[in-house]
Amino acid sequence: MESQQRDGGAQQGGLSERQRAVLALERRSWPAPGAKERAIREQLGMVPVRYYQLLNALIDDPRALAHDPVTVNRLRRIRESRRTER
């Protein structure tokens, strides 16, 4: 229960409101450098570091995959390609 409150409140469909908001923000395209980070701060009220921590956890969450398979699979492909580049 405590982790639900810390990560965005009541859960619906397996994901918290904050988790769904993170995925929704990640779906968008960004016109300029810094625009996404500004939106993270203004719309979600969190620092970008915390946003990316939540996002990385969501990529591996089967509930996130069920909620938004296109976005989650795209992020998994990007993560995997970055790993193979190293």
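- For the pairing with V22, the side-chain contact (heavy atoms from CB on, under 4.5 Å) check across I40, L44, T71 returns one residue only, L44.
- In the hydrophobic cluster analysis, where Ile, Leu, Val, Met, Phe, Trp and Tyr join through side-chain heavy atoms closer than 4.5 angstrom, L23 is grouped together with W30.
- A distance of 4.5 Å separates CZ of R27 from CG of D68, quoted to the nearest 0.5 Å.
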Worked verdict on E26 versus K36 for side chain to side chain contact (heavy atoms under 4.5 Å, CB included)
CA-CA 9 Å; E26 199 58 36; K36 182 177 181 180; 2.8 Å; yes
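- With hydrogens and angles disregarded, a donor-acceptor distance shorter than 3.5 Å links the side chain of Q19 to the backbone of S16.
- Transitive grouping of hydrophobic side chains (ILVMFWY, heavy atoms separated by less than 4.5 Å) keeps I78 and I59 in distinct clusters.
- Contact of the H67 side chain with the D61 side chain is not registered, since no non-hydrogen atoms from C-beta on lie closer than 4.5 Å.
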Go through it in stages, so that I can follow the logic: the residues are R38 and R41, the test is side chain to side chain contact (heavy atoms under 4.5 Å, CB included), and I'd like the CA-CA distance, side-chain angles, deciding distance and then a yes or no.
CA-CA 5 Å; R38 189 169 37 257; R41 286 186 175 93; 5.9 Å; no
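- With contacts defined as side-chain heavy-atom distances shorter than 4.5 Å, the pair L58/L15 qualifies.
- Nearest approach of V72 to A64, heavy atoms of both residues: CG2-O, 3.5 Å.
- In this structure, the side chains of E17 and R20 come closer than 4.5 Å at one or more pairs of heavy atoms.
- Under the 4.5 Å side-chain contact rule for hydrophobic residues, V47 and L55 do not share a cluster.
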Checklist entry - Between Q53 and V49, is a side chain to side chain contact (heavy atoms under 4.5 Å, CB included) present by the stated rule, with each step listed? => result CA-CA 6 Å; Q53 289 171 340; V49 170; 4.0 Å; yes
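- To the nearest 0.5 Å, the span separating CZ on R76 from CG on D60 amounts to 6.5 Å.
- Taking the side chain to side chain donor-acceptor pair (under 3.5 Å) definition, one finds that R74 meets it with nothing, sequence neighbours left out.
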